[in-house]
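Naming: A, B, ... by sequence-line order, numbering from 1 per chain. Please read these numbers as outputs of a predicted model, since none were measured by experiment.
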Number of protein chains: 2
Amino acid sequence: MSIEVLIVDDDELVRIGLRAIIDAQPDLRVVGEAADGIEVPSLVARHRPQVVLMDVRMPGIDGIQATRRLLAAADPPRVLVVTTFANDEYVYDALRAGATGFLLKRARPAEVVEAVRVVARGESLLFPAAIRRLVGAYGRQGVDGLRAARLTEREAEVLRLMAAGLSNPEIAARLVVGVETVKTHVGNVLAKLGVRDRTQAVIAAYESGFVVPAG
Amino acid sequence: MSIEVLIVDDDELVRIGLRAIIDAQPDLRVVGEAADGIEVPSLVARHRPQVVLMDVRMPGIDGIQATRRLLAAADPPRVLVVTTFANDEYVYDALRAGATGFLLKRARPAEVVEAVRVVARGESLLFPAAIRRLVGAYGRQGVDGLRAARLTEREAEVLRLMAAGLSNPEIAARLVVGVETVKTHVGNVLAKLGVRDRTQAVIAAYESGFVVPAG
DNA sequence: CGGATTCTCCCCGTCGCGGGGGATCCGCGG
DNA sequence: CCGCGGATCCCCCGCGACGGGGAGAATCCG
């Protein structure tokens, strides 16, 4: 049985391109297209795709809202957010909305199909480029005025300790705060990085260069 | 209150050196020394040190056995195994016996005191050099006849999937085996790497070069 | 033929993790 | 002034992770 995909993008050219790439694969199949977020719920209900390729910027209901609504329903599909720029301001919102991963429009066809297969398996798609942007600025000591990093200082500190292998109680002891506080920060970090658990957060930290192997 | 340390090594020169390094720190204090594993239990019972610096190779009761006995008691101290070579064959056994970390005899004083402080805090000491040895040979495709790696092929495979962020059910699905089997492998990997949870295992995988950031 | 190793599967229990709420306090800026 | 983001703490709950057992089957080797 093939992986069924729904394409949501207001640009017809993009839809055609994605459809061509996906339908060229024997194990993937495009079951529908939408040009607006408003059509998405009904299409998903009808076709029950495993994966939804969702554009972020669309007139009317944008990809963020559409994603949020989709995931509120029972047994939702995986949402793979499609964006033009890795530094899109909406990237963070999409993660919070529950998107499983990202896909740049300039990604090569092989990357597109692989991304679809990965999320269809139910695995998170850690996207170094996007994550690096989120964490950005911090990695190499750069606390420059940018604040481009969506992680707050506290969250970045917690992530570092997570990447050092500390448990929540240990982090709490180190920072001299309550475990509940640590849990909140950890939860925020997971949401912002778009990952499922602390292990994936640590992987993201390494892959993004946020922490570097001592070797 | 300072961190109390017990030194166990059959070589007096080593004991003197370690004592000098440790007693030079205001927050550390050597409460006793032993030249043989046989004396350890009574010394620990009397002085209740937080940390025991334990040589592996000793006449009579070696460090492995002594560690095993120590940790069988209630409220045991942390054991920091001291070894001359990172590739000591006993490294693995010491991990299984419950040692919290490793220390090379050629470590610089600053490293020694830091290691003591870390284990005293109750945190595991991930020792790249030692872990690299354990995982060794595999990292770069080298399935050479050595089998020096204490990880079996299956365990190495499971570690790779862990380092890819997969959960146990996901790994089971990927390998087409039961979740119980995966749990066994994961447990073995944790024991062999001397780490507490999968997050630390992934950290060890990165730090040892077993997996390399894609960048 | 043992014995060792590896891989496989299972039961049990505990506990930390993560998700869902909500709440307070602060400082900054409109 | 009030809104908002950040940091702090609290509750409940479900599930997965982990430890410690045991146990069967296949393989290889002395």
| request: Check every strand shown and say whether A:S167 touches a base, only sugar-phosphate, or nothing at a heavy-atom separation below 4.0 Å. | output: sugar-phosphate
| field | Phosphate contact (D:dG5 OP1 or OP2) by A:T152 side-chain N/O below 4.0 Å | value | no
| Atom CG of A:L166 and atom P of C:dG16: how far apart are they, to the nearest Å? | 15 Å
| What's the CZ-C1' distance between A:R196 and D:dC15, to the nearest Å? | 12 Å
| task | Compute whether any side-chain donor of one residue and acceptor of the other, for A:R198 and A:N168, lie under 3.5 angstrom apart. | result | yes
| remark: Whole-Å distance, B:E155 CD to C:dT5 P, equals 13 Å
| query | A:K183 has a side chain; which of D:dC9, D:dC12, C:dC11 sits nearest to it? | reply | D:dC12
| request: Using a 4.0 Å heavy-atom cut-off across all strands, classify A:V179 as base, sugar-phosphate, or nothing. | output: nothing
| request: Check the distance between D:dC18's C1' and A:D197's CG and give it to me in whole angstrom. | output: 15 Å
| query | Taking NZ, NE, NH1 and NH2 as the nitrogens, is one of them in B:E157 or B:R174 under 4.0 Å from a carboxylate oxygen of the other? | reply | no
| request: Indicate whether OP1 or OP2 belonging to C:dC17 is found under 4.0 Å from a side-chain N or O atom of A:N168. | output: yes
| remark: Whole-Å distance, B:N188 CG to D:dC18 P, equals 13 Å
| query | Salt bridge or not for A:R160 and A:E155, using N-O below 4.0 Å? | reply | no
| Rounded to the Å, how far apart are A:L175 CG and D:dC9 P? | 10 Å
| request: Could you tell me whether the side chain of B:D36 and the main chain of B:E39 form a donor-acceptor pair under 3.5 Å? | output: no
| query | Side-chain N or O of B:R154 less than 4.0 angstrom from OP1 or OP2 on C:dT5? | reply | no
| task | Could you tell me whether the phosphate oxygens of D:dG6, OP1 or OP2, come under 4.0 Å of any side-chain nitrogen or oxygen in A:H185? | result | no
| message | Looking at A:Q25 and A:I22, would you say the former's side chain and the latter's main chain have a donor-acceptor pair under 3.5 Å? | response | no
| task | Could you tell me whether the phosphate oxygens of D:dC18, OP1 or OP2, come under 4.0 Å of any side-chain nitrogen or oxygen in B:R198? | result | yes
| What is the distance from CD of B:E180 to C1' of D:dG20, rounded to the nearest Å? | 13 Å
| task | Figure out the CD/C1' separation between B:E153 and C:dT8, and round it to whole Å. | result | 16 Å
